[in-house]
There are 2 protein chains.
Amino acid sequence: MNINKFSEITEMSPYTIRYYEKIGLLRGVSRNASGHRWFTEKDIIWVNFIKRLKDTGMPLEEIKKYASLRELGAQTVKERQELLEKHQENLIKHIRQQNEHLKALNTKIDLYKSGEVG
Amino acid sequence: MNINKFSEITEMSPYTIRYYEKIGLLRGVSRNASGHRWFTEKDIIWVNFIKRLKDTGMPLEEIKKYASLRELGAQTVKERQELLEKHQENLIKHIRQQNEHLKALNTKIDLYKSGEVG
DNA sequence: GGTTGACTTAGAGTTAACTCTAACTAGTAG
DNA sequence: CTACTAGTTAGAGTTAACTCTAAGTCAACC
């Protein structure tokens, strides 16, 4: 598919898609006869994984590191797993903290509801 | 207390504290005889609330809106409550999504653990 | 009285992650 | 052949949220 279709499916602007390729996050995207990018199912899967890492707070720099390791093949499996496990830990901590924040926010809103805040 | 002590307690750099005052997030900070900022317990409470809103993804612009409403006193109680309730909703959605991301990440890591990824 | 240290300000610089512009090309429809 | 559309690139511009610099003030110590 062309970049517009890919943009639609992944819900990312063509600008962002090209940017991701430029910084080395999206590699090996093929081209058609006239030099236009031609995206495949594989690209969708990979971009969706990038989005997941990004949405859970991983900086693009670190996602790039994962991408580079992936590029190097089987010998980096362990390192990639470790990277993901560290991220998993961070994410668990993040969720825990967000739940604490939610609790505090609930308390604050209750004060408003009971008219104790003015 | 002076800005350094306040910085230590709130775990924010003096730069950030002055910046927050400059953009109108921190208002009515008093000064001592020689023109230096003098922070009180109230400032700590307020900054901690700001941090909570920020940590849960509220942009400083919107926190500023809440601060402005607060400044206007009792007649804005309803509006402030609504603002917080909208944020509460967003936060609940965010936590739900982060949990989904965590589940997907767990699955991915399991693939690594079982040696199905290379 | 001079130096040191903790503050002050206005405004410039930084960083991450886009987002856009300008100039260009290739394919298609009239 | 011309116009239009959909892409291409390098590189400039934007935004949020800081972070720092430079020049200055003020109180305390030697």
Side-chain angles (χ1 to χ4, degrees), chain A residues 1-40 43-44 46-68 83 87 90 94 101, chain B residues 1-40 43-44 46-68 83 87 90 94 101:
Chain A
M1 75 196 73
N2 64 14
I3 199 166
N4 252 334
K5 184 74 187 161
F6 187 69
S7 159
E8 201 181 296
I9 289 176
T10 58
E11 292 176 292
M12 298 173 71
S13 79
Y15 293 140
T16 305
I17 296 163
R18 291 194 199 99
Y19 168 68
Y20 278 12
E21 193 179 356
K22 184 150 56 178
I23 67 171
L25 215 51
L26 227 58
R27 265 171 269 198
V29 175
S30 48
R31 303 284 175 131
N32 69 11
S34 42
H36 294 189
R37 289 173 185 81
W38 197 252
F39 298 91
T40 68
D43 297 316
I44 295 176
W46 172 235
V47 159
N48 280 338
F49 188 58
I50 289 177
K51 279 172 70 187
R52 207 185 278 289
L53 293 178
K54 192 177 89 63
D55 286 357
T56 47
M58 189 185 283
L60 297 189
E61 260 315 308
E62 196 168 355
I63 304 178
K64 235 170 85 180
K65 201 153 83 187
Y66 181 86
S68 303
L83 191 154
H87 185 56
N90 290 341
H94 172 73
H101 285 322
Chain B
M1 74 198 75
N2 64 12
I3 198 165
N4 251 335
K5 184 74 187 160
F6 188 69
S7 158
E8 201 180 295
I9 289 177
T10 58
E11 292 176 294
M12 297 172 72
S13 79
Y15 294 140
T16 305
I17 296 163
R18 292 193 199 99
Y19 168 68
Y20 278 13
E21 192 180 356
K22 183 149 59 177
I23 67 172
L25 215 49
L26 227 57
R27 264 171 268 196
V29 175
S30 49
R31 301 287 175 128
N32 69 10
S34 44
H36 294 189
R37 288 173 185 81
W38 196 252
F39 297 92
T40 68
D43 297 316
I44 296 176
W46 173 234
V47 159
N48 280 338
F49 188 59
I50 288 177
K51 279 171 71 188
R52 206 184 278 290
L53 293 178
K54 192 177 89 63
D55 286 358
T56 46
M58 190 185 282
L60 297 188
E61 260 314 308
E62 197 169 354
I63 304 179
K64 235 169 86 181
K65 201 153 81 187
Y66 181 85
S68 303
L83 192 153
H87 185 57
N90 289 341
H94 172 72
H101 284 322

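Numbered from 1 within each chain, the chains take letters A, B, ... in sequence-line order.
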Starting at CZ of B/R18, measure out to CD1 of B/I3 and round the result to the nearest 0.5 Å. 4.0 Å

A/K64 with A/E61: basic N within carboxylate O range, under 4.0 Å: yes

Base, sugar-phosphate, or nothing: which does B/K5 touch, judged by heavy atoms less than 4.0 Å apart? nothing

Could you tell me the boundaries of the chain B footprint on DNA chain C, defined by atoms under 4.0 Å from its heavy atoms? C/dC7 to C/dG11

Position toward the 5' end of DNA chain C (nearest nucleotide), B/K22 or B/W38: B/W38

Rounded to whole Å, OH of B/Y19 lies from C1' of D/dT21 at a distance of 18 Å

Assign B/R37 to base, sugar-phosphate, or nothing according to its heavy-atom contacts below 4.0 angstrom with the strands shown. sugar-phosphate

Aromatic ring proximity, centroids under 6.0 angstrom, B/H87 and A/H101: no

Beyond-backbone contact of B/H94 with A/H94, side-chain heavy atoms, under 4.5 angstrom: yes

I'd like to know if A/K5 and A/E8 make a salt bridge, using a cut-off of under 4.0 Å between side-chain N and carboxylate O. yes

Students often get this wrong, so: under 4.0 angstrom with heavy atoms, is B/P59 touching a base, only sugar-phosphate, or nothing? sugar-phosphate

In terms of ring plane angle, is the pair A/F49 and A/Y66 parallel, tilted or perpendicular, where the classes change at 30° and 60°? tilted

A/R31 side-chain N/O to D/dT9 phosphate OP1/OP2 under 4.0 Å: yes

Sugar-phosphate only, base, or nothing, as touched by B/I3 at under 4.0 Å among non-hydrogen atoms: sugar-phosphate

Just how far, in rounded Å, is C1' of D/dG7 from CD of A/E8? 16 Å

